[in-house]
Amino acid sequence: QVQLVESGGGLVQPGGSLRLSCAASGSIFSINDMGWHRQAPGKKRELVATITRSGIPNYADSVKGRFTISRDNAKNTMYLQMNSLKPEDTAVYYCSADRVGILRWDYWGQGTQVAVSS
């Protein structure tokens, strides 16, 4: 079993920055790709960014150029650096991991709230 714990969410003004972290524990060898997702009230969950085990990133168009996904496999940690935040970025952000490498998200964190306002 893999456990994922997100941290770093909070309240930020438009144009500001936040850095989310996702710490993995348990059967770390079971992790292949990882991803960040977000869900706002009344909206379907959106895949924000993915990163392969070797560090190749992919981004949703809505965050491309503003967000950066990275991972440190030695620390079993994934990050999402969020810059130039907009009110529409407000959501609960979830960390995920895939055992197989087919973007089937087998493990999920508890979520961390990001609010962008004023």
Side-chain angles (χ1 to χ4, degrees):
Q1 187 181 350
V2 170
Q3 295 81 42
L4 303 174
V5 179
E6 302 97 333
S7 61
L11 176 64
V12 65
Q13 291 80 16
S17 297
L18 284 173
R19 190 193 198 204
L20 306 183
S21 298
C22 173
S25 61
S27 301
I28 306 303
F29 52 85
S30 296
I31 295 176
N32 200 310
D33 301 334
M34 299 187 74
W36 287 100
H37 314 247
R38 66 186 182 186
Q39 187 168 28
K43 300 289 187 180
K44 62 183 181 295
R45 185 168 293 182
E46 174 189 14
L47 180 61
V48 174
T50 63
I51 186 165
T52 68
R53 188 173 182 87
S54 61
I56 301 172
N58 194 32
Y59 300 94
D61 288 341
S62 58
V63 306
K64 194 171 296 182
R66 300 188 297 120
F67 291 11
T68 302
I69 188 171
S70 61
R71 66 193 290 175
D72 186 336
N73 292 335
K75 296 180 179 179
N76 300 320
T77 303
M78 179 180 65
Y79 306 95
L80 185 68
Q81 178 66 48
M82 304 185 294
N83 298 325
S84 301
L85 282 162
K86 305 174 180 180
E88 52 263 44
D89 295 318
T90 296
V92 177
Y93 283 70
Y94 297 91
C95 170
S96 66
D98 176 5
R99 292 179 302 170
V100 183
I102 59 172
L103 303 185
R104 183 189 73 191
W105 306 112
D106 300 298
Y107 308 107
W108 291 85
Q110 82 287 352
T112 186
Q113 177 70 57
V114 172
V116 185
S117 64
S118 281

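Residue indices begin at 1 and follow the sequence shown. These numbers were taken from a predicted model, which means no experiment stands behind them.
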Tell me the closest heavy-atom pair linking [X] and [Y], and the distance in Å.
X    : Y    : value
L4   : Y107 : CD1-O, 3.6 Å
A91  : A40  : CB-N, 3.9 Å
D106 : V100 : OD2-N, 4.2 Å
Q81  : S17  : NE2-CB, 4.0 Å
A60  : E46  : CB-OE2, 3.9 Å
M34  : C95  : CE-SG, 4.0 Å

Compare all side-chain heavy atoms of [X] with those of [Y] and state whether any distance is below 4.5 angstrom.
X   : Y   : answer
Y79 : D72 : yes
S62 : E88 : no
I69 : M78 : yes
R38 : V63 : yes

Given 3.5 Å as the limit, does a donor-acceptor pair link the side chain of [X] with the main chain of [Y], or not?
X    : Y    : value
S96  : W108 : no
R53  : I31  : yes
Q1   : S27  : no
Q110 : E6   : yes
R104 : R99  : no

Aromatic rings H37 and W105: how do their planes relate, parallel, tilted or perpendicular, breaks at 30° and 60°?
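The rings of H37 and W105 stand perpendicular, inter-plane angle above 60°.
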Does V114 form a side chain to side chain contact (heavy atoms under 4.5 Å, CB included) with L20? I'd like the steps, not just the answer.
CA-CA 9 Å; V114 172; L20 306 183; 4.1 Å; yes
State the [atom1]-[atom2] distance between [X] and [Y], to the nearest 0.5 angstrom.
X    : Y    : atom1 : atom2 : value
L85  : F67  : CG    : CZ    : 5.0 Å
R71  : S21  : CZ    : OG    : 14.0 Å
L47  : L103 : CG    : CG    : 7.5 Å
S117 : Q13  : OG    : CD    : 7.0 Å
Y93  : M82  : OH    : CE    : 5.5 Å
N32  : I51  : CG    : CD1   : 12.0 Å

Pair K64 + D61: basic N to acidic O under 4.0 Å
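Salt bridge between K64 and D61, a charged N being under 4.0 Å from a carboxylate O: yes.
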